[in-house]
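Since we're looking at a predicted model, the values are computed, not measured.
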Amino acid sequence: MAHPAMGWGLSLSLGAVAGLLANYIGLPLPWMLGPMIANTIAAVLNAPIAPPNRLRPIVIPIIGVMLGSGITPEVVAALGDWMVSFLVLPPFLLVAAGSSYLFYRYIGKYDPQTAYFSSMPGGLNEMIIMGEEAGADSRRIALAHASRVLLVVTFVAIFFGFVLGVSTSGQNGRPWVGFLGLTILDYVILAICAAAGAYLGKLIRLPAAGLLGPMLLSGLAHFFHYVDVPPPSVLVILAQIVMGTIIGCRFIGSKPKEIGHDLYLGIFATLGMLATGVGFAALVATLTETDISQAFLAYAPGGLTEMSLLAFAMGGDIAYVSLTHVVRIVIVLFTAPLVMRLIRRY
């Protein structure tokens with residue numbers, strides 16, 4: 001390939017076409033699921049695609065600003081009710097990650113370090129870094145997490161769309177926002193939220209800083225009515241196409257046999273975590289007034305960005321889902337090294 005930009009262009013073009021096709025045939029969460037599936041197939045077939053990673057630092061803050069637009073006074077008033085969900089998270093992680101570890105260790109025959117960091121539902125990059133420091137196989141960890149996110153997004157979108165009949169088109173009752181629907185001042189405020197939020201997020205070392213920083217600033221701006229509109233809907237669709245493309249491109253360079261083996265293991269490990277998530281979501285729904293579908297999105301073992309996008313697409317409580325995933329990531333990041341020491345010792 002003459003230039004990497006050709007690979008990015010091909011993967012994004014493939015993602016856009018797949019998104020249009022998925023939207024046309026009525027596939028749930030079309031603008032993310034279509035590009036994700038198309039680029040996964042292209043990666044397995046060794047097509048000359050490349051992940052558009054340079055767009056990620058631009059797209060992630062846009063998603064953060066979009067998610068922040070859903071933070072309202074009613075959402076903030078419900079913050080106290082979410083404590084039950086946060087308190088239930090540690091036992092959920094113990095059961096979900098523990099069963100996944102045993103599966104990868106004794107069925108998948110992974111070494112202890114690789115099995116452990118493959119089963120931890122934390123951030124992909126963080127688990128790879130920690131795994132490498134512990135002597136684990138970083139490639140298998142990457143494939144395990146990539147396959148889990150792929151399977152979780154696919155399963156959740158299809159289950160909500162076809163089984164529960166929940167709209168996952170990306171708007172779900174939200175009005176379409178055109179480029180002319182924002183004033184110049186709206187664009188300036190949202191741009192400041194995106195740029196300053198990403199910078200401040202890194203400065204104070206927030207997990208998923210590029211997403212959470214802009215989300216928090218956007219939430220404040222919308223809460224105090226400095227701005228009352230989200231980013232244009234076209235940007236939201238483009239962000240989903242980019243994210244779906246990046247997820248699919250994670251399988252680039254992997255041999256079909258290797259991908260097949262890890263996907264095979266990932267299916268069973270993910271189904272176990274999803275089943276555990278459903279059980280704990282039902283518990284949270286019983287203990288609180290939280291709808292079980294929202295609790296399930298909060299406990300689904302997918303990535304923070306992906307699950308937040310799903311919550312947005314389904315008209316869910318974005319702040320609740322996002323914050324629960326943040327708490328989960330923080331718990332994993334703090335406890336993962338400690339538990340790894342115990343595994344090494346015993």
Side-chain angles (χ1 to χ4, degrees), residues 51-73 75-76 79 82-83 86 89 117 120-133 138 142 145 149 182 184-231 235-236 238-240 242-243 246-247 298 302-309 311-312 317-338:
N53 289 328
R54 291 189 178 182
L55 293 179
R56 187 180 175 88
I58 300 173
V59 167
I60 294 296
I62 292 175
I63 295 174
V65 170
M66 173 198 72
L67 297 177
S69 67
I71 297 178
T72 63
V75 168
V76 175
L79 186 60
W82 302 347
M83 291 307 298
F86 302 156
L89 267 175
F117 287 103
M120 287 294 103
L124 170 63
N125 294 328
E126 291 83 359
M127 292 302 100
I128 290 176
I129 292 170
M130 289 184 180
E132 287 178 338
E133 292 176 352
S138 60
H145 283 273
V149 171
L182 284 75
I184 295 177
L185 181 60
D186 291 333
Y187 278 111
V188 171
I189 293 175
L190 294 179
I192 291 174
C193 289
Y199 175 77
L200 291 174
K202 292 180 181 178
L203 191 65
I204 62 177
R205 298 185 178 181
L206 282 175
L211 179 79
L212 291 180
M215 178 180 169
L216 291 174
L217 282 189
S218 175
L220 288 172
H222 284 86
F223 182 85
F224 290 107
H225 298 290
Y226 290 112
V227 61
D228 293 308
V229 290
L235 292 183
V236 176
L238 291 175
Q240 293 182 69
V242 172
M243 289 306 302
I246 290 174
I247 294 173
L304 167 63
T305 305
E306 291 80 14
M307 292 299 101
S308 299
L309 275 173
F312 177 85
D317 193 334
I318 300 167
Y320 167 66
V321 173
S322 301
L323 190 55
T324 305
H325 280 279
V326 170
V327 174
R328 184 203 74 202
I329 292 171
V330 170
I331 292 173
V332 170
L333 291 180
F334 275 98
T335 59
L338 301 177

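Considering only residues two or more places apart in sequence or on other chains, Tyr199 meets the side chain to side chain contact (heavy atoms under 4.5 Å, CB included) condition with Leu203. Considering only residues two or more places apart in sequence or on other chains, Ser322 meets the side-chain hydrogen bond (donor to acceptor under 3.5 Å, both in side chains) condition with Ser308. Partners of Ala196 according to the side chain to side chain contact (heavy atoms under 4.5 Å, CB included) rule, which considers only residues two or more places apart in sequence or in another chain, are Ile192, Leu217. For Val227, the side chain to side chain contact (heavy atoms under 4.5 Å, CB included) partners are Asp186, Ile189, Leu190, Ala221, His222, Val229, not counting sequence neighbours.
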What side-chain donor-acceptor pairs closer than 3.5 Å can you find for residues 57-66, not counting sequence neighbours?
none

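The distance from the CD1 atom of Ile331 to the CZ atom of Arg328 is 10.0 Å, given to the nearest 0.5 Å. The NE2 atom of His325 lies 9.0 Å from the OH atom of Tyr320; values are rounded to the nearest 0.5 Å. To the nearest 0.5 angstrom, Leu220 atom CG is 9.5 Å from Tyr226 atom OH.
Pairing each heavy atom of His145 with each of Met120, the nearest pair is CE1-O, 2.8 Å.
Ile184 CD1: 12 or fewer foreign heavy atoms inside a 6.0 Å radius.
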